[in-house]
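Presented below is the structure to which this report refers.
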Number of protein chains: 2
Amino acid sequence: MPDPLSQLPGYALRRAANAMMGELADRLAPLGLRVAEASVLMLAGARDNQTSSEIGRILDVQRANMVPLLNRLERAGLVERVPIDRKSSAIVLTLAGRQKLREVEAVTSAFEADLLARVPLDHRDHLVPALNALWR
Amino acid sequence: MPDPLSQLPGYALRRAANAMMGELADRLAPLGLRVAEASVLMLAGARDNQTSSEIGRILDVQRANMVPLLNRLERAGLVERVPIDRKSSAIVLTLAGRQKLREVEAVTSAFEADLLARVPLDHRDHLVPALNALWR
DNA sequence: TCTCAATTGCTATTGCTAATAGCATTTACA
DNA sequence: TGTAAATGCTATTAGCAATAGCAATTGAGA
């Protein structure tokens with residue numbers, strides 16, 4: 001038994017998440033995106049007129065940390081900050097952003113499929129519900 | 001639907017792991033330990049005469065990053081570096097380290113139980129096998 | 001309608017974790 | 001025995017998240 005901790009749910013969860021995040025980061029790197037940036041892109045594409053704060057609340061990213069993240073996406077020409085009123089802005093995908101989102105979706109759906117394929121069939125359908133029960 | 005990403009296995013995995021790690025960190029903080037430190041303590045306690053490199057290989061912590069971690073544990077009087085030969089040292093728990101390990105085990109087993117309790121019964125037994133299939 | 005609390009977007013800073021590159025010494029194998 | 005591999009370490013870096021604080025704007029209740 002090379003790893004006496006692997007029967008602990010918390011440990012297994014951490015190791016699986018680390019491995020997964022590393023692989024996803026590798027797959028997104030060719031698109032010039034980090035995982036957090038890709039999530040923001042997906043969220044901004046899913047619903048219009050969301051503010052930075054709203055996206056941050058959904059993803060559990062604090063307002064302060066959304067700023068440099070959105071700056072990078074804006075500098076890359078993928079999103080725009082479109083004023084809603086004098087205080088807030090909507091995060092809107094540019095044309096290039098929508099194109100990039102399509103690539104992100106291709107990468108992530110292939111990734112999620114590969115991920116699930118590694119899980120034995122009899123456990124597979126239980127994974128997402130079990131995980132979501134842990135934090136939602 | 002507050003979170004359109006939560007059906008993605010990778011996303012659910014990341015969110016669950018983050019929530020879990022945060023909670024475990026909070027529970028270990030009163031012992032003066034971080035999660036990584038507690039794992040090293042558990043591993044060093046599980047088998048004797050392991051070197052820093054061996055522990056690092058099991059936990060996927062690089063040699064370079066084991067150094068400050070073990071320094072902290074040593075400064076706290078929980079482990080000792082006992083020379084095996086002129087190159088390697090065994091990481092050995094001190095008396096205080098064995099005592100601390102008992103506290104760590106109490107915290108983690110309570111934690112793991114609480115974790116599993118949040119998972120609906122019909123998914124519960126599938127969680128650890130599914131997670132381990134993702135990285136082992 | 002006026003006031004005050006809450007919200008927004010931001011700056012600046014910090015700590016933790018992990019990654020990289022490099023180095024001297026020691027060990028193990030062929 | 002000679003060479004490749006391993007060990008423990010230093011030093012540095014990048015990414016990510018957390019905190020504190022601030023000016024301006026908005027919104028809700030009196």
Side-chain angles (χ1 to χ4, degrees), chain A residues 11 13-26 28-29 31-40 44 49-76 79-92 135, chain B residues 11 13-15 17-26 28-29 32-40 44 49-76 79-92 135:
Chain A
Y11 181 75
L13 183 50
R14 182 162 73 108
R15 295 302 298 266
N18 283 350
M20 182 276 297
M21 287 291 289
E23 184 176 334
L24 181 54
D26 288 345
L28 287 172
L31 308 189
L33 292 175
R34 304 175 194 166
V35 176
E37 293 163 354
S39 330
V40 168
N49 279 64
Q50 289 175 112
T51 65
S52 163
S53 290
E54 284 164 353
I55 294 177
R57 263 192 296 277
I58 295 177
L59 295 178
D60 265 329
V61 176
Q62 308 194 29
R63 276 173 300 144
N65 297 325
M66 288 295 295
V67 179
L69 201 165
L70 289 173
N71 286 345
R72 282 192 301 271
L73 290 177
E74 194 168 54
R75 250 185 281 114
V79 306
E80 272 177 334
R81 288 168 162 102
V82 177
I84 293 177
D85 51 33
R86 269 179 298 186
K87 189 170 63 163
S88 321
S89 293
I91 306 303
V92 178
W135 68 276
Chain B
Y11 181 76
L13 183 51
R14 182 162 72 109
R15 296 300 300 264
N18 282 349
M20 183 276 295
M21 288 290 291
E23 184 176 334
L24 181 55
D26 288 345
L28 288 173
L33 292 175
R34 304 177 194 162
V35 176
E37 292 163 355
S39 331
V40 168
N49 278 64
Q50 289 175 112
T51 64
S52 163
S53 290
E54 285 164 354
I55 295 178
R57 264 192 296 275
I58 295 177
L59 296 178
D60 264 328
V61 175
Q62 309 193 26
R63 276 174 301 145
N65 297 325
M66 289 294 295
V67 179
L69 201 165
L70 288 174
N71 286 345
R72 283 192 300 271
L73 290 178
E74 194 170 52
R75 250 185 282 113
V79 306
E80 269 177 335
R81 288 168 163 102
V82 176
I84 293 178
D85 51 33
R86 270 180 297 186
K87 187 169 66 165
S88 320
S89 294
I91 306 304
V92 178
W135 68 275

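Each chain gets a letter, A, B and so on, in the order its sequence line appears, and its residues count up from 1.
- Residue-to-nucleotide proximity on DNA chain D shows that, of B:Ser88 and A:Arg63, the 5′-proximal contact is made by B:Ser88.
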query = Step by step, would you call A:Glu80 with A:Ile91 a side chain to side chain contact (heavy atoms under 4.5 Å, CB included)?
reply = CA-CA 6 Å; A:Glu80 272 177 334; A:Ile91 306 303; over 6 Å; no

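- A:Asn65 places its CG atom 14 Å from the P atom of C:dG9, with the value rounded to the nearest Å.
- An OP1 or OP2 oxygen of D:dA14 is reached within less than 4.0 angstrom by no side-chain nitrogen or oxygen of A:Arg72.
- An OP1 or OP2 oxygen of D:dG8 is reached within less than 4.0 angstrom by a side-chain nitrogen or oxygen of B:Ser53.
- Whole-Å rounding puts the A:Ile55 CD1 to C:dC10 C1' distance at 16 Å.
- One atom, CG of A:Asn71, and another, C1' of C:dT11, lie 11 Å apart when rounded to the nearest Å.
- Between the side chain of B:Lys87 and the base of D:dA6, a donor-acceptor pair under 3.5 Å is found.
- Pairs of residues two or more places apart, or lying in two chains, that qualify as side chain to side chain donor-acceptor pair (under 3.5 Å) and include a residue from residues 63-74 of chain B are B:Glu37-B:Arg72, B:Asn71-B:Arg81, B:Glu74-B:Arg81.
- Between A:Ala36 and B:Val67, the residue anchored nearer the 5' end of DNA chain D, judged by the nucleotide with its closest heavy atom, is B:Val67.
- A distance-only check finds a donor-acceptor pair linking the side chain of B:Glu54 to the backbone of B:Thr51 [under 3.5 Å].
- Between D:dG8 and B:Arg86, no contact under 4.0 Å exists linking OP1 or OP2 to a side-chain N or O.
- One finds no side-chain N or O of B:Arg34 lying less than 4.0 angstrom from the OP1 or OP2 phosphate oxygen of C:dA18.
- Under 4.0 angstrom from either OP1 or OP2 of C:dA18 there lies no side-chain N or O belonging to B:Gln62.
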